[in-house]
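To start, the structure itself, in structure tokens.
The structure presented is a predicted model; accordingly, all values stated were derived computationally and were not measured. Residues: numbered from 1 along the sequence shown. The analysis underlying the following values was restricted to heavy atoms, covering all of them including side chains, and did not include hydrogens, waters or symmetry mates.
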Amino acid sequence: MSSELVPDLEWGDLDRRTVDVVRALAMDAVEKAGSGHPGTAMSLAPAAYLLFQRVLRHDPSDPSWVGRDRFVLSAGHSSLTLYIQLFLSGYGLSLDDLKGLRQWQSLTPGHPEHGHTLGVETTTGPLGQGLGNAVGMAMAQRRERGLFDPDAEPGTSPFDHRTWVIASDGDIEEGISHEVSSLAGHQKLGYLNVIYDANHISIEDDTAIALSEDVAARYEAYGWHVQHVDWTETGDYVENVEALYAAMRAATAETERPSFIRLRTIIGWPAPNKQNTGKIHGSALGADEVAATKQILGMDPAKSFDVPDEVLEHARGVVARGRAERAAWEESYESWRAADPERAALFDRISARKLPAGWEESLPAFEPGKSMATRKASGTVLTALAPVLPELWGGSADLAESNNTTMEGEPSFIPEEYQTKAFPGNFYGRTLHFGIREHGMGSILNGIALHGGTRPYGGTFLVFSDYMRPAVRLAALMGLPVTYVWTHDSIGLGEDGPTHQPVEHLWALRAIPGLDVVRPADANETAAAWRAVLEHTDRPAALALTRQNLPVYEGTADAEKVAKGGYVLAEASSGQPAVVLIGTGSEVELAVGARDLLEAEGIPTRVVSMPCVEWFEAQDDAYKQSVLPPSVRARVAVEAGIALGWWRFVGEEGEVVSLEHFGASAPYKTLYEQFGLTAERVAAAAKGSLAKTGADKGQTTGN
């Protein structure tokens, strides 16, 4: 929103009274809940109210308005900072909702949850994640503008909007804040504004015990536009709203760099005994302190959740302002649509998360009998989809060549002065470069998905998914269509050794509810997996891909079968299996080899490829039984990782050929042989399982 659209600040007695009501509501809500974080919500009351009432471009009557500014409360623990503004602004929260803070089935959980409460743009539980989400939103805004209105003058496009963040000392201390803030400065995200509440208090009281750096200088070093507003500078505590408003306007006018406003506050102001202490950060004030604070504010201590009619009416005036701003925006939007109907049609399709008709025909097919690493097959898929799905974009945490995440011929998303010989690009490019920032990459991908308008993917080695886990978990919690391209998925990585060889990761990731972990067996299964992933719009997916070449089999190109998560790849010669072998990824090759050995001995053997446990579990019982017949109790699962969850598929009489220890540094074929991940071992396990079921009767030895 350009600075011209912001009127001069009118800040009267009714505004001051409303701010004090915000403080009282924060105290009352936490007091009633018996737990929570009142202090920051109290001291940030003027800043949050100012932002929602005077600066933020939003329309409470249309919370999903495409042209709105995004607001991210990265300090998610101070949930009341957001909830009270949503209530006052008219987003649908009621006083009863504030009274239900942190209670069962309330709209006001302990940390704001996207998709649960109207007006909440993202779920920010772990500190720093919201800041990363905001960086992703700002990147998505620029990419969206590049897709739909690249030639418009700055500030004139319907796709010019801002992302505002309130961050805390805790956000700044978390390492993820360095990763995402460094990248935001490098990317020159001029439509990103952060208000840093520097109150110097965390749960362990004064942050001096753990924090002494000059945070503002740090952001200057990142290349941000930095301003200071200090409400303690006079020696007294003076909430200089005019100074903060001027800083907000200056941040709004800045379009070449992200903006950082360091706001010095006193937490819990004006509580007489607990302000500026760790006690007010994360616990209720207590009845006496609440009463004393209300007396200071000129309120009746006997009243709780008291919102005078004139206060609420005054705050709800933002609805009319928001509707007027949206009406002005819609004129610009409709003019854009009329001038460029082709791009408008593309915008409509992408906004609805619909894929174009016949898009799947662009997916490559790979010749059976050949061999290819699934990471390479994935790269081939991405390049093939580039012209068909312009919404799809992404990159890698400095491992593009290893992850095969670069769509061939697509420019990088980068200010032109930072493009390189290897990666030419521009402001509106498509290939993302996260640098060695896996933790930040995860939260940025979430922000891109939350913003809407595009669909992101990001790559690194599977072992480094550990860095990303908090963001991956949040993506699953929010149901975001983010795709992770995690390569070098096993000891097949080889010579880099145990530090880089994932062993426990597959089942650790499968333990996250709502995350699809997909480990394709060959190149065609990889293409089919990408198809299934992109057809899902309500959850994240992880592709676990090989470094080493794998044979391409007949029967893996059936997209419908692959989308079921598990299917019969090779049937028993008799049509009635005596044993079922289950494999994923590179170990399907071992299962196929073991089948050959067993069939040669007259043991009818079925091979099941199970690229995605989650997809398989989602099928009806009849289908699952057709793949894994209950009558066939002799079963073996094989995967180059820990066994953990495979036991539920093989049963008590089954066997799992797995790796229950760390790997080693050696060529991958040597590792598979030395650790017993061979077709012979799988065949032996099958015989062991048959013996458990009583099916192995042995042979007669004569008289």
Side-chain angles (χ1 to χ4, degrees), residues 506-507 509-511 516-522 525 528-529 532 544 553-599 601-658 677 679 681-696:
L506 289 167
W507 278 112
L509 290 163
R510 288 172 181 143
D516 296 339
V517 181
V518 193
R519 193 165 182 247
D522 70 359
E525 219 175 74
Y553 293 104
E554 292 280 359
T556 56
D558 189 327
E560 290 187 9
K561 284 186 177 180
V562 174
K564 292 182 182 296
Y567 63 99
V568 178
L569 175 62
E571 184 56 283
S573 57
S574 65
Q576 296 292 322
V579 62
V580 175
L581 309 179
I582 308 168
T584 76
S586 48
E587 286 70 69
V588 169
E589 181 180 6
L590 303 184
V592 171
R595 176 185 178 274
D596 293 341
L597 296 173
L598 293 167
E599 287 279 357
E601 295 185 36
I603 302 173
T605 304
R606 171 184 288 184
V607 173
V608 170
S609 177
M610 193 174 289
C612 184
V613 168
E614 293 78 20
W615 295 345
F616 184 71
E617 291 280 49
Q619 305 309 310
D620 59 42
D621 288 342
Y623 177 78
K624 287 187 282 188
Q625 290 168 17
S626 74
V627 176
L628 301 176
S631 59
V632 183
R633 305 196 315 276
R635 302 179 184 181
V636 179
V638 54
E639 188 169 65
I642 60 173
L644 201 60
W646 286 118
W647 294 107
R648 77 174 184 262
F649 293 100
V650 300
E652 293 183 0
E653 294 160 324
E655 295 280 352
V656 181
V657 177
S658 62
L677 288 162
R681 170 87 180 281
V682 176
K687 292 178 183 177
S689 182
L690 283 164
K692 287 182 184 179
T693 67
D696 185 2

So for atom CD, which belongs to Gln576, do other residues, nucleotides or ligands contribute more than 12 heavy atoms lying within a distance under 6.0 Å?
no
Any donor-acceptor N/O pair, Arg606 side chain to Val627 backbone, under 3.5 Å
yes
Matching residue for Lys692 among Glu652, Glu653, Glu655 - test: side-chain hydrogen bond (donor to acceptor under 3.5 Å, both in side chains)
Glu655
Where do Ala578 and Ile603 come nearest, in terms of heavy atoms and distance?
CB-CG2, 4.3 Å
Atom CD1 in Ile582, atom CD in Glu587: separation rounded to 0.5 Å?
13.5 Å
Arg510 side chain to Asp516 main-chain N or O, any donor-acceptor pair under 3.5 Å?
no
Nearest 0.5 angstrom please: Trp615 CH2 to Tyr567 OH, how far?
11.5 Å
Would you give me the side-chain donor-acceptor pairs under 3.5 Å for residues 557-566, sequence neighbours excluded?
{"from": "Asp558", "atom 1": "OD1", "to": "Glu560", "atom 2": "N", "distance (Å)": "3.1"}
{"from": "Asp558", "atom 1": "OD1", "to": "Lys561", "atom 2": "N", "distance (Å)": "3.3"}

Nearest heavy atoms of Leu581 and Ala686, plus distance in Å:
CD2-CB, 4.1 Å
Checking Glu639 against Thr584: is there a side-chain donor and acceptor pair closer than 3.5 Å?
yes
Side-chain donor-acceptor pair under 3.5 Å between Thr605 and Glu599, yes or no?
no
Which pair of heavy atoms, one from Pro604 and one from Gly602, lies closest together, and at what distance?
CD-O, 3.3 Å
Closest heavy-atom pair and its distance - Ser658, Leu677
O-CD2, 4.2 Å
Distance in Å, Arg681 CZ paired with Leu597 CG, rounded so as to fall on 0.5 Å steps
14.5 Å
Minimum heavy-atom distance between Ala634 and Leu690, given as atom pair plus value
CB-CD2, 3.6 Å
Could you give me the CA-CA distance, side-chain angles and deciding distance for Arg635 and Val579, then say whether side-chain contact (heavy atoms from CB on, under 4.5 Å) is met?
CA-CA 5 Å; Arg635 302 179 184 181; Val579 62; 5.7 Å; no
Any side-chain heavy atom of Arg648 within less than 4.5 Å of one from Glu617?
yes
For Arg633 and Ser689, which I'm curious about, is there any donor-acceptor pair between the side chains at under 3.5 Å?
no
Anything under 30° is parallel, anything over 60° is perpendicular, the rest tilted; go ahead and classify Phe649 against Phe616.
tilted
Please table the atom pairs, donor to acceptor, closer than 3.5 Å between any side-chain atom in residues 607-614 and protein atoms at least two apart or in another chain.
{"from": "Ser609", "atom 1": "OG", "to": "Glu525", "atom 2": "OE1", "distance (Å)": "3.4"}
{"from": "Ser609", "atom 1": "OG", "to": "Glu525", "atom 2": "OE2", "distance (Å)": "2.8"}
{"from": "Glu614", "atom 1": "OE1", "to": "Val517", "atom 2": "N", "distance (Å)": "3.0"}

CA sep, side-chain torsions, deciding dist, call: Leu569, Thr556, side-chain contact (heavy atoms from CB on, under 4.5 Å):
CA-CA 7 Å; Leu569 175 62; Thr556 56; 3.7 Å; yes
Taking all non-hydrogen atoms of both residues into account, name the closest pair between Leu590 and Val638 and its distance.
CD1-CG2, 4.1 Å
